[in-house]
Amino acid sequence: MSNNVILARMGEVTLKGLNRGNFESKLKNNLKYRLKNFGKLNIYQSQSRIWIEPVEGEENPYFKNEETATEILNAVVQVFGIVSASLARKFEGGIDEIRQNAVEYMKEYLKIYPDHHTFKVESKRGNKHFPMTSPEISNEIGGYLLENFDCLKVDVNKPDFIFNVEVRDYCYVYAGKIMGHRGLPVGTAGKGMLLLSGGIDSPVAGYMMASRGMMLEAVYFHSFPYTSDRAKDKVVDLAKIVSRFSGRMKLHVVNFTQIQLDMYKNSRQDMLTVTMRRVMLQIAEKLALQNGCGCLITGESLGQVASQTLEAIQFTNEVVDLPIFRPLIGLDKEATCEISRKIGAFETSILPYEDCCTVFVAKHPKTHPNRDDIIEAEQNLDIAKMVEDGLNGIETIII
Ligand code: ATP
Ligand code: MG
């Protein structure tokens, strides 16, 4: 009798010292939450790995074979802290049972990876009462697989896949693995307020901070009807994509229309982007403090646009006290797009709905503002009132 189980490997978590227990239990809880729609599961840890299997006596369609397990494996590897995961067969017995399960496992495996032909066997023997050594097990199982599958060939240097045998209190066989997103379990590094626009950069910035263990909330500045409801829906969709990795989050939608109109009328045109960002950050900071967030997060990348020069960043930084994390600051656009594709956000991000910065954009923004520019641009604005108005018109959506 054998069962299918998922074996998930932890990465950086295992380097933690005294706190390691906290990180591990967070990781298990996050897995439990992420997998809540996959039936009743038993999630436990042993030998610095996490094992996931259906609760005994429960039929679970996802665990039938490697093909049906793909969906659950893909969810497992999206949980930060997991380096890779494999579907394994778990059973009791001796070398005969290992042989038989190895063949059955390979039949399923080759349906999914028909172009995998070369392999080597690696064995681990944790149960020292087992009558064969690890190399003997590897030889035996390698030979048996060759006898049973004409398409397979051994290659110890650069095999298409490694076939693993582990003998512990139970025996396990598995091959191949799906790579995870690494990082640290969300919930181990406090909470940050992400300034989420409809673009490519900010969802990636949120993903990157979550990968360091940070929980997220998000704020979006919406200027209806200059930005349409479809633009807002797009931000909601992006928040959902980020939350696959970061877990449940609140999205605060600030009604920004009146503030932008005021600014458009009463501020220096070439300074609009910087003044607008200074107000955004002040609203975001207040919101962050109200919601227990210890930092702000943006998708800025140095030099990318007028509001992202060193001077513009200095002048937006100075209006808030909370640290602002800009994980993309040193990445070029292509590197950001690559991450955006990897997390499944790119197709949504490039949908052509205007964001507020493109509607009220200056034709010739000042790229290297100085103190006098800032003072002049803001002299006719009642910034404190703008911030207060912004905070008064918020819709909060639970993602
Ligand atoms: P993105 O691709 O994230 O939209 P961007 O390249 O368009 O960024 P900017 O428009 O200068 O660059 O915005 C820089 C950052 O400011 C964004 O990454 C985001 O964090 C924040 N931001 C800009 N507009 C908004 C908005 N309407 N609501 C919330 N945050 C915003
Ligand atoms: Mg943008």
Side-chain angles (χ1 to χ4, degrees), residues 192-209 216-224 226-239 241-242 249-257 259-260 263 271-285 287-288 293 295-313 315-317 319-320 322 324-329 331-337 339-341 343 345-346 348-362 365-367 390 393-395 397:
M193 181 63 75
L194 170 66
L195 280 84
L196 183 61
S197 67
I200 294 168
D201 301 331
S202 43
V204 172
Y207 163 86
M208 286 177 73
M209 292 319 299
L216 300 180
E217 285 198 20
V219 53
Y220 164 58
F221 296 88
H222 188 42
S223 299
F224 187 80
Y226 299 94
T227 52
S228 65
D229 272 334
R230 289 203 304 181
K232 181 172 115 185
D233 293 344
K234 175 180 163 184
V235 173
V236 172
D237 289 343
L238 288 170
I241 292 168
V242 174
M249 71 160 106
K250 281 196 241 168
L251 169 65
H252 308 274
V253 180
V254 177
N255 180 350
F256 208 48
T257 317
I259 297 172
Q260 280 208 307
M263 237 180 252
M271 287 292 292
L272 271 180
T273 10
V274 178
T275 34
M276 187 186 70
R277 300 188 60 72
R278 279 163 65 96
V279 173
M280 274 187 182
L281 282 178
Q282 289 177 69
I283 296 173
E285 182 183 50
L287 209 52
C293 299
C295 69
L296 303 174
I297 303 164
T298 75
E300 288 160 305
S301 163
L302 191 62
Q304 194 183 81
V305 289
S307 63
Q308 297 175 22
T309 61
L310 180 57
E311 291 86 346
I313 287 177
F315 285 119
T316 48
N317 235 39
V319 296
V320 295
L322 283 182
I324 305 175
F325 290 152
R326 302 176 173 89
L328 312 185
I329 198 71
L331 293 189
D332 68 14
K333 196 74 190 182
E334 194 41 46
T336 303
C337 289
I339 302 174
S340 173
R341 287 193 197 93
I343 66 174
F346 190 73
T348 306
S349 283
I350 59 174
L351 290 173
Y353 309 133
E354 67 296 331
D355 68 35
C356 65
C357 318
T358 54
V359 177
F360 293 98
V361 78
K366 178 120 189 173
T367 45
I394 290 181
E395 175 199 4
I397 302 169

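This is a predicted model, so every value here is computed, not measured. As the structure lists them, so they are numbered: ligands from 1, and atoms in each ligand from 1.
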S.K.: Looking only at N/O atoms, are Met280 and ligand 1 under 3.5 Å apart anywhere?
M.R.: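 Between Met280 and ligand 1 (N or O atoms, distance only) the closest approach is not under 3.5 Å.
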
S.K.: Please state which option from Arg326, Arg277, Glu300 has its nearest heavy atom closest to atom 16 (O) of ligand 1.
M.R.: Arg277

S.K.: May I ask which of Ser202, Ser301, Ser340 has a heavy atom nearer to atom 3 (O) of ligand 1 than the others do?
M.R.: Ser202

S.K.: How far apart are the C-alpha atoms of Val236 and Tyr220, what are their side-chain angles, what is the distance that settles it, and do they pass the side-chain contact (heavy atoms from CB on, under 4.5 Å) test?
M.R.: CA-CA 9 Å; Val236 172; Tyr220 164 58; over 6 Å; no

S.K.: Report the part of His222 in contact with ligand 1, treating N, CA, C, O as backbone and CB onward as side chain, heavy atoms under 4.0 Å; options are side chain, backbone, both, neither.
M.R.: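 The answer is neither.
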
S.K.: With Thr298, which of Leu328, Asp201, Leu195 fulfils side chain to side chain contact (heavy atoms under 4.5 Å, CB included)?
M.R.: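 The option that passes is Leu195.
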
S.K.: Would you check, one step at a time, whether the test side-chain contact (heavy atoms from CB on, under 4.5 Å) holds for Phe224 with Asp229?
M.R.: CA-CA 7 Å; Phe224 187 80; Asp229 272 334; 3.7 Å; yes

S.K.: If you count the non-hydrogen atoms of other residues, nucleotides and ligands that lie under 6.0 Å from CZ in Arg341, is the total more than 12?
M.R.: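 For Arg341, atom CZ is crowded (more than 12 foreign heavy atoms under 6.0 Å).
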
S.K.: Any idea which part of Leu196 is under 4.0 Å from ligand 1, heavy-atom wise: side chain, backbone, both or neither?
M.R.: backbone

S.K.: Do Pro203 and ligand 1 have an N or O pair less than 3.5 Å apart?
M.R.: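 Among all N and O atoms of Pro203, none is under 3.5 Å from an N or O of ligand 1.
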
S.K.: I would like to know whether Leu216 and Ile297 meet side-chain contact (heavy atoms from CB on, under 4.5 Å); could you show each step before the answer?
M.R.: CA-CA 9 Å; Leu216 300 180; Ile297 303 164; 3.7 Å; yes

S.K.: Please check whether Gln308 reaches ligand 1 - meaning an N/O of the residue sits under 3.5 Å from an N/O of the ligand, judged on distance alone.
M.R.: yes

S.K.: At a non-hydrogen distance cut-off of under 4.0 Å, which region of Val219 contacts ligand 1 (side chain, backbone, both, or neither)?
M.R.: backbone

S.K.: Do the side-chain N and O atoms of Thr367 and Thr309 include a donor-acceptor pair separated by under 3.5 angstrom?
M.R.: no

